[in-house]
**Student:** 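There's a structure below that I have some questions on.
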Amino acid sequence: MTPPSPIDWASWRAEIHATLLFIVRDGEILLIEKKRGLGAGKINGPGGKIDPGETPLECVVRETREELGITAKRPRKLGELHFAMSDVPDILCHVFLARDFSGQPVETEEAKPLWYKLGDIPYERMWKDDIHWLPVLLDERSFHGRFVFEGEEVVWQDMQLDTYWDPEGPRH
Ligand SMILES: Nc1ncnc2c1[nH]c(=O)n2[C@H]1C[C@H](O)[C@@H](COP(=O)(O)OP(=O)(O)OP(=O)(O)O)O1
């Protein structure tokens, strides 16, 4: 049974809306080592904050171009993550999966591209929540995750699988 949440999700609103993209091709996943900003030093998918007037899909394509110099083909939103943080603003993150891209991934000021076999994803170098939803994304199932952080640690979590997505965008 899920323990009571330390925060009231009914009144929760994200201060930041962001995106993440995971590209999977030929049994490997394209990740980045993030070089600056929130999560610097961690391994993650490309992505970042949504600009004013931008859709999550436009954002994830733009951020992937900026961070890796490639264009994702047909990214599909499969997940939504709510992060209640203790020391940085709360985040709502739209999570996408793509099976192809054009161009060649290059290292930029923001990110270093890293390919991993699907069986060797380095969860120990990623945000602590990732292990709870990335395998779901890789199974092409939709999900809605909520995580409460104290610093770097997850102190409460809830994952709903096979959720329905409103193509118009986030609920908060
Ligand atoms: N807990 C957790 N797990 C997995 N991924 C993330 C988190 N928290 C997060 O913030 N993230 C992701 C969501 C975003 O993709 C990035 C954070 O975006 P950020 O790098 O701050 O945004 P940019 O727009 O690229 O940054 P600047 O250009 O403003 O430096 O991490």
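Remember, predicted model here, so these are calculated numbers, not experimental data. Counting starts at 1 for both ligands and their atoms, following the listed order.
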**Student:** What's the shortest heavy-atom distance between Pro105 and Ile70, and which atoms?
**Tutor:**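 That closest heavy-atom pairing would be N-CG2, 3.3 Å.
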
**Student:** Who gets closest to atom 30 (O) of ligand 1 by heavy atom: His94, Lys49, Met126?
**Tutor:**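 The nearest heavy atom belongs to Lys49.
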
**Student:** Say whether Trp133, considering both its backbone and side-chain N or O atoms, lies within less than 3.5 Å of an N or O atom on ligand 1.
**Tutor:**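 In fact, backbone or side chain, Trp133 has no N or O that close.
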
**Student:** Counting each atom of ligand 1 from 1 as listed, which ones have a heavy atom of Gly47 under 4.0 Å away?
**Tutor:**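 Numbered from 1, ligand 1 contributes 15 (O), 25 (O).
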
**Student:** Using a heavy-atom cut-off of under 4.0 Å, does the side chain or the backbone of Glu67 touch ligand 1, or both, or neither?
**Tutor:**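 Glu67 to ligand 1: side-chain contact only, backbone stays beyond 4.0 Å.
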
**Student:** Measuring from atom 5 (N) of ligand 1, which candidate in Leu21, Ile50, Leu134, Asn44 has the nearest non-hydrogen atom?
**Tutor:**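 Considering heavy atoms of Leu21, Ile50, Leu134, Asn44, the nearest to atom 5 (N) of ligand 1 sits in Asn44.
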
**Student:** Please report which non-hydrogen protein atom sits nearest to atom 6 (C) of ligand 1, along with the residue it belongs to and the distance in Å to one decimal place.
**Tutor:**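 I find the closest protein heavy atom is Trp127 NE1, 3.6 Å.
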
**Student:** Tell me whether the rings of Phe83 and Phe147 are parallel (<30°), tilted (30 to 60°) or perpendicular (>60°).
**Tutor:**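 Geometry flag for Phe147 against Phe83: tilted rings.
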
**Student:** Give a yes or no on this: more than 12 heavy atoms of other residues, nucleotides or ligands lie within 6.0 Å of atom NZ of Lys112.
**Tutor:**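 Not buried by this count: 12 neighbours or fewer within 6.0 Å.
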
**Student:** What part of Phe149 sits under 4.0 Å from ligand 1 if we count only heavy atoms: the side chain, the backbone, both or neither?
**Tutor:**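 Under 4.0 Å from ligand 1, Phe149 contributes side-chain atoms alone.
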
**Student:** Give a yes or no on whether a salt bridge exists between Glu152 and Lys128, defined as a side-chain N under 4.0 angstrom from a carboxylate O.
**Tutor:**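 Between Lys128 and Glu152 there is no salt bridge, as every charged N stays at least 4.0 Å from the carboxylate O atoms.
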
**Student:** Does Arg62 pair with Glu58 as a salt bridge, N-O distance under 4.0 Å?
**Tutor:**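 Salt bridge between Arg62 and Glu58, a charged N being under 4.0 Å from a carboxylate O: no.
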
**Student:** Only heavy atoms count here, so choose which of Asp51, Ile16, Thr19 is nearest to atom 14 (C) of ligand 1.
**Tutor:**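 The option holding the nearest heavy atom is Thr19.
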
**Student:** Should the heavy atoms of other residues, nucleotides or ligands under 6.0 Å from CD of Glu109 be counted, would the total exceed 12?
**Tutor:**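 Not more than 12 within 6.0 Å, no.
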
**Student:** Taking N or O atoms only and a 3.5 Å limit, does Gly48 qualify as a polar contact for ligand 1?
**Tutor:**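 Such a contact does occur with ligand 1.
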
**Student:** May I ask you to decide if the ring planes of His82 and Trp9 are parallel, tilted or perpendicular, using 30° and 60° as cut-offs?
**Tutor:**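 It falls in the tilted class, 30° to 60°.
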
**Student:** Would you call Glu110-Lys35 a salt bridge at under 4.0 Å N-O?
**Tutor:**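 Answer for the salt bridge query: no.
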
**Student:** Can you list the ligand 1 atoms lying under 4.0 Å from a non-hydrogen atom of Ile91?
**Tutor:**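 The atoms of ligand 1 under 4.0 Å from a heavy atom of Ile91 are 9 (C), 10 (O).
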
**Student:** State, yes or no, whether a side-chain contact exists between Phe149 and Val154 at a heavy-atom distance under 4.5 Å.
**Tutor:**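 Yes, side chains in contact.
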
**Student:** Please work out whether any backbone atom (N, CA, C, O) or any side-chain heavy atom from C-beta onward of Asp130 is under 4.0 Å from ligand 1, and answer side chain, backbone, both or neither.
**Tutor:**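 For Asp130, only side-chain atoms sit under 4.0 Å from ligand 1.
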
**Student:** To which protein heavy atom is atom 25 (O) of ligand 1 closest, and what is the distance rounded to 0.1 Å?
**Tutor:**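 Answer, as residue, atom name and distance: Glu63 OE1, 3.4 Å.
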
**Student:** Please state which protein non-hydrogen atom is closest to atom 1 (N) of ligand 1 and give its distance, to 0.1 Å?
**Tutor:**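 That would be Asp129 OD1, 2.7 Å.
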
**Student:** Would you say Arg36 has any N or O atom under 3.5 Å from an N or O of ligand 1, going by distance alone?
**Tutor:**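 By distance alone, the answer is no.
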
**Student:** Do me a favour and list the nearest non-hydrogen protein atom to atom 20 (O) of ligand 1 with residue, atom name and distance?
**Tutor:**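 Looking only at protein heavy atoms, the one closest to atom 20 (O) of ligand 1 is Lys34 NZ, 2.6 Å.
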
**Student:** Work out which heavy atom in Leu30 is nearest to a heavy atom in Leu68; give both atom names and the distance.
**Tutor:**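 Shortest heavy-atom separation between Leu30 and Leu68 comes out as CD2-CD1, 3.8 Å.
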
